[in-house]
Amino acid sequence: MSEVRVRFPPSPTGYLHIGGARTALYNWLFARKYNGKLILRIEDTDADRSTQESIDGIISGLQWLGLDWDEGPYFQTQFTHEHSAAAERLLNEGKAYKCFCTREELEDKRKAALAAKQDYKYDGLCRRLTAAETAEKEAKGLPFVIRFKVDRHEIGGVSFKDQVLGVVSRTYNDIEDFVIVRSNGKPLYLLCNVVDDIRDRISHVIRGQDHLGNTARQILLYRALAAPVPEFAHMPLTLDLQKAKISKRSHGEIVAVQFYQKAGFLPWALCNFLALLGWSTSDNQEIFSRQELIAAFSLDRINKANSIFNYRKGDPKFFTDPKAISINEHYLRTMPIAELVPLVADKLREAGLWQDEYAAGQKEWFISTLDLIRSRFHTINDFVTLGRAYFSDDYEFEERAVKKNILKHEKLREWLPELADRLESLPDFTHQNIEEIMRGLAAEFGIKPGILINGARAVSTGLLAGPGMFEVAAALGRERMVGRLRHKTAGLYK
RNA sequence: GGCCCCUUCGUCUAGCGGUUAGGACGCCGGCCUCUCACGCCGUUAACACGAGUUCGAUUCUCGUAGGGGUCACCA
């Protein structure tokens, strides 16, 4: 294979959504696998809808995901003259023509065709204009668009071998003379895209299947411009549970990459999940490091069928596709703890819970505490919510925890402060010693150890569930543990 | 409606003529246990339908149905 050059060309009309991110990811994987180049090109020709905010969002989203590019960002509007020149060239070579039909005329014909249940395609009225007629209309100052002249003499059509779909064909008859330049002189997407891909020497166009219908027309353009036609790979689309294409408009932030960033996802976990949405290996491996995924990725193992992004609106436990969550959890508890530390530190800073000591004198404590609590967390946000009691004395009490583990046993009001006394006098505050004390005390009281243990957990962390209590106590430290048992217990009975 | 693409458990998927149709997530159950997770073990659940080709079709072909995409002077 000669030099691999692929591109990701978002139009900056909204945030980066997961479908776009997946397209970017597949392009990135392909480029990295073949030591090629990934080009980022912002397709901002639609001035009305393009915004700087959107551009910033797309770029920061890609950066967060760790998808780096080699060239760009280029901006399509920077090359308007090239697009126009290409149109001019096609016009001069007789491969395109000026069309003076008005929108109204076209609209009427379209409606008439629709009413008669006929398929509408441009009838080629202006294609049949003589040079003199064209000149005359132009002299009158009539506005015109430029249409590409689709070959009408040759039978057959355009066909290409899609890297995902296989051979895809379309007859010339099904392709109308499409507009390549607006009446205001601005070139249209179909042309711009091809001209840019030619200039950027794109070897593989990897994009969504929603572009499948554009491909035949674009191939015609490549040929007319005497440029080599790239390989195409059309990825399946991502649909929602109702099988509608996911979009920013109808699905909101759940499909925005930024949402996952805010929700405490690990960027690579999201990439890993996205990679699996429409692609797989023959051995069904599902967890991949970067290097593994780059090595394993291939276009021909991209699934042909659309996949469904499985999320249930309004279910807090599954606020997004459960598989995405489970992959995130997997990384959360298996990734090297050293890599997790800075990510959690950022979240703690945002929440105002960070202390510089965590990176200095208490570094070892900080690391081991994260390690202790991470196995039951779903996202890194959980460190500042469910994990709050480890970093602050100001934490909430879960109602169920208080009810079930405190109020149910009236005597805990005395037992827990007593436990505090015992713990305070412990020579070494290790979890083994703590266990000995707690079990011993429970025996003295003649109660099941669980009552004392769960009560202590509820008071010291505010939660119903958590890691083993003796380790929790050790992590909290003698001072905080004793203090909480002593001073926070009574208040819970009010 | 025209054109194009697609169709295996609820979801993501493996399978490329002969399999008890496999895995993952979710669900449910169990083990572990101070709780909840983790981990481990197990259960539930699928080849859209109909013809053909074949000794034999989930797999190949053709229909039907269903789904999706696209039909702009948006990208």
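To find a chain, count down the sequence lines: A is the first, B the second, and so on, and within it residues start at 1. The structure displayed is predicted, hence computed values, not measured ones.
A donor-acceptor contact under 3.5 angstrom links the side-chain atoms of A:S183 to the base of B:C73.
For the pairing with A:H83, the side chain to side chain contact (heavy atoms under 4.5 Å, CB included) check across A:N193, A:I180, A:V195 returns one residue only, A:V195.
When each of B:U35, B:A14, B:C34 is scored by its nearest atom to the side-chain atoms of A:L464, the top-ranked nucleotide is B:U35.
Rounded to whole Å, the separation between the C1' atoms of B:A75 and B:U70 comes to 14 Å. With both ends at atom C1', the span from B:C27 to B:U19 equals 26 Å, rounded to whole Å. Comparing the P positions of B:A14 and B:C9 gives a spacing of 12 Å, expressed to the nearest Å. With both ends at atom P, the span from B:U20 to B:C32 equals 35 Å, rounded to whole Å. B:U11 and B:A46: their C1' atoms are spaced 12 Å apart (whole Å). Nucleotides B:U8 and B:A24 place their C1' atoms 15 Å apart, quoted to the nearest Å. The P atoms of B:A45 and B:U53 are separated by 34 Å, rounded to the nearest whole Å.
Look at CG on A:N306: it is 15 Å from C1' on B:U13, rounded to the nearest Å. Between A:R333 atom CZ and B:C40 atom P the separation is 10 Å, expressed in whole Å.
When side chains are defined from C-beta on, A:L212 counts as touching A:L165, because their heavy atoms get closer than 4.5 Å.
For the pair A:R301 and A:F297, the cation does not sit on the ring face, since its NZ or CZ is not both under 6.0 Å from the ring centre and inside 45° of the axis.
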